[in-house]
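Data first, discussion second: the structure below is written as structure tokens.
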Amino acid sequence: MRKILIVGAGQAGLQIGLSLLAHDYDVTIMSARTPEEIRGGRVMSTQAMFHTALQHEREYELNLWEDQAPRIEGLGVSVADSDGRRAIDWVGELDHYGQSVDQRIKMAGWLELFEDRGGKVVFHGVTTSDLDSLTRHYELVLVAAGKGELVQLFGRDPSRSPYSTPQRVLSVSYVHGAERRPEHPDMDAVRFNAVPGVGELFVIPGLTLSGPCEIPFFEGIPGGPLDCWSDRPPAREHWQRMLELMRRYFPWEHERFRNAEVTDSQGTLAGGYPPVVRHPVGELPSGGLVLGMADVVVANDPITGQGSNNASKCARSYLDSILEHGDRPFDREWMQRTFERYWSVVEPVTTWTNTMLQPPSEHMMDVLRRAERNRAVRQRFVNGFNDPADFGDWFLDEELGRRYLAEVAPN
């Protein structure tokens with residue numbers, strides 16, 4: 001039975017740990033926090049997981065909250081004009097529903113499930129020196145903790161990282177009491193709202209500790225009016241500030257949120273980070289090697305809502321590479337090859353995400369305008385959130401996109 005250590009108890013670390021247990025691997029996970037501390041802590045992210053990522057969870061019976069979480073059946077787009085009114089506004093249906101579960105619920109529950117299924121958990125923060133001694137006791141060490149000292153083991157890959165500073169200032173609140181979206185009151189949908197020169201507002205239907213909720217999430221252009229979180233206000237003030245910004249810049253969303261309240265005192269978050277791709281193999285002072293995964297090696301901006309999806313796909317890709325490797329050593333060559341296999345999946349996501357951080361091209365705006373009038377265009381765009389590689393075949397490529405639009409949505 002091969003021994004594997006996973007450092008980090010997030011989406012990727014716990015998913016691959018639980019999956020490896022099902023294949024009779026001896027797996028230990030190191031978590032800096034207990035399930036109780038996770039449930040009582042601050043929200044960690046936004047997350048809207050689409051069909052492919054959810055299927056990876058279902059395959060190993062990790063979908064513990066599927067019957068409780070709202071079913072995200074569509075995705076809507078609103079883009080403001082220079083007068084602040086919606087020049088583009090539509091909603092498309094997903095082929096398969098998505099879901100969003102507060103990671104405080106999911107990670108705490110998965111940690112408990114991991115122990116119930118026979119995995120070993122060590123509740124302790126890990127430093128580089130700790131890891132240096134641990135590598136001698138395991139055949140493979142995976143680093144899935146995307147923050148903290150250990151990330152420094154993995155150098156930035158400048159050939160795959162066009163940005164060196166944060167491209168958006170992020171702020172989020174989990175809230176109860178929002179009214180239904182009047183355009184589709186019977187359908188839960190992720191909403192993507194953009195105001196050129198200001199930033200974006202996403203709204204995600206989700207499940208939190210106290211039940212179903214809505215998750216408004218600002219992506220503010222640095223130096224702009226949504227860049228106002230350096231004082232880290234307490235939860236209630238944080239939400240009131242978001243609400244006022246919504247009233248000024250996204251009034252069509254403000255109307256339904258005007259009576260909403262933050263779900264709990266830990267239900268807000270603000271920050272920002274540079275999108276980055278890192279080299280996947282970390283070398284410790286003793287010469288031991290560790291393999292980074294998910295946000296450790298590819299941390300995209302959340303503007304396309306792909307973070308938890310990428311983590312799930314990384315866990316599945318690494319799982320396949322481990323199972324196929326059999327009893328052979330997990331050497332540097334295998335680690336690099338394993339990452340490149342995952343990179344073939346996440347590179348289209350990274351390209352799309354980095355593109356969306358820039359002002360849209362006229363071709364992209366044409367796609368969004370035609371989607372309002374044409375169901376085929378609308379459905380292809382919406383379902384690209386589950387299969388981002390498809391965007392390269394039409395949305396990101398002007399020539400291919402023109403041909404496609406000429407076929408399905410001629411003027």
Side-chain angles (χ1 to χ4, degrees), residues 11 38-49 65 68-70 72 75-76 78 80 98-108 147 166 168-181 188-195 198-222 224-273 301-308:
Q11 174 75 39
I38 292 169
R39 289 191 183 98
R42 186 171 293 280
V43 293
M44 295 178 273
S45 67
T46 60
Q47 59 287 308
M49 298 190 68
W65 303 274
Q68 302 169 47
I72 299 170
L75 187 142
S78 299
Q99 291 190 305
S100 174
V101 177
D102 186 338
Q103 291 194 349
R104 295 178 296 181
I105 297 175
K106 183 187 259 188
M107 301 315 145
K147 299 175 183 176
R168 291 293 189 273
V169 178
L170 316 174
S171 57
V172 61
S173 291
Y174 284 49
V175 301
H176 289 314
E179 297 174 11
R180 302 293 294 178
R181 185 70 183 252
D188 281 314
V190 171
R191 296 296 311 196
F192 169 74
N193 305 276
V195 176
V198 174
E200 298 81 26
L201 168 63
F202 290 84
V203 181
I204 303 169
L207 177 72
T208 190
L209 298 164
S210 48
C213 67
E214 296 274 358
I215 309 171
F217 171 45
F218 279 139
E219 287 249 335
I221 294 174
L226 304 184
D227 181 0
C228 58
W229 305 100
S230 59
D231 59 336
R232 298 295 190 270
R236 185 178 177 82
E237 182 182 338
H238 180 112
W239 169 237
Q240 290 303 313
R241 191 178 301 176
M242 284 190 72
L243 200 57
E244 174 57 22
L245 291 166
M246 204 182 291
R247 185 190 67 78
R248 291 176 60 191
Y249 298 103
F250 305 88
W252 57 90
E253 288 287 4
H254 175 267
E255 182 64 20
R256 69 188 187 103
F257 281 101
R258 66 189 188 281
N259 296 319
E261 297 288 344
V262 69
T263 57
D264 62 275
S265 63
Q266 302 279 54
T268 61
L269 189 66
Y273 57 88
D301 188 278
I303 193 168
T304 53
Q306 295 296 306
S308 55

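Start at 1 with the first residue, then count along the sequence.
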Close side-chain approach of H238 and R232, heavy atoms under 4.5 Å: no
Set of salt bridge (charged side-chain N to carboxylate O under 4.0 Å, His left out) partners for D301, sequence neighbours left out: none
Nearest non-hydrogen partners of W229 and A270, listed with the distance: CB-CB, 3.7 Å
Atom pair SG (C213) and CD (E261), whose distance is rounded to the nearest 0.5 Å: 14.0 Å
salt_bridge(R39, D102) N-O dist < 4.0 Å: no
Any L226 side-chain heavy atom under 4.5 Å of M242 side chain: no
Spatial distance of atom CG (L269) from atom CG (L170) [nearest 0.5 Å]: 8.0 Å
Side-chain touch R168/I303, heavy atoms, less than 4.5 angstrom: yes
Any donor-acceptor N/O pair, H176 side chain to D264 backbone, under 3.5 Å: no
F202 and F192 aromatic ring geometry - parallel, tilted or perpendicular at 30°/60° bounds: tilted
Pairing residues for P225 by the side chain to side chain contact (heavy atoms under 4.5 Å, CB included) criterion, not counting sequence neighbours: V198, Y249
Contact check, side chains of Q99 and P70, non-hydrogen atoms, under 4.5 Å: no
Straight-line distance of R256 CZ to N259 CG, nearest 0.5 Å: 13.0 Å
Test side chain to side chain contact (heavy atoms under 4.5 Å, CB included) applied to K106 and M49, step by step: CA-CA 13 Å; K106 183 187 259 188; M49 298 190 68; 3.2 Å; yes
Closest contact, heavy atoms only, R42 versus T268: NH1-O, 2.7 Å
Closest contact, heavy atoms only, W65 versus V101: CB-CG2, 4.1 Å
Short side-chain donor-acceptor distance under 3.5 Å, E253 and N193: yes
Those residues that, when tested against S308, pass side-chain hydrogen bond (donor to acceptor under 3.5 Å, both in side chains) (two or more places apart): none
F250 and F257: CA distance, side-chain angles, deciding distance, side chain to side chain contact (heavy atoms under 4.5 Å, CB included) verdict: CA-CA 11 Å; F250 305 88; F257 281 101; over 6 Å; no
Distance-minimising heavy-atom pair for A178 and E214: CB-CG, 3.9 Å
CD on E219 to CG on L201, rounded to 0.5 Å: 10.5 Å
R248 atom CZ, neighbour heavy-atom count above 12 within 6.0 Å: no
Spatial distance of atom CD (Q103) from atom CE (M44) [nearest 0.5 Å]: 5.0 Å
pair R104-T208: side-chain heavy atoms closer than 4.5 Å: yes
Any side-chain heavy-atom pair of W252 and H254 under 4.5 Å: no
Donor-acceptor side-chain pairing of S45 and Q47 below 3.5 angstrom: yes
Nearest-0.5 Å distance, CD1 of residue I204 to OH of residue Y174: 7.5 Å
Heavy-atom pair with the smallest gap, counting every atom of S173 and P216: O-CD, 2.9 Å
Ionic contact status for R241 with E244, cut-off 4.0 Å: no
Beyond-backbone contact of P302 with Y273, side-chain heavy atoms, under 4.5 angstrom: yes
L207 side chain near I105 side chain, heavy-atom distance below 4.5 Å: yes
Over all atoms of both residues, closest heavy-atom pair of C228 and L245: SG-CD1, 3.7 Å
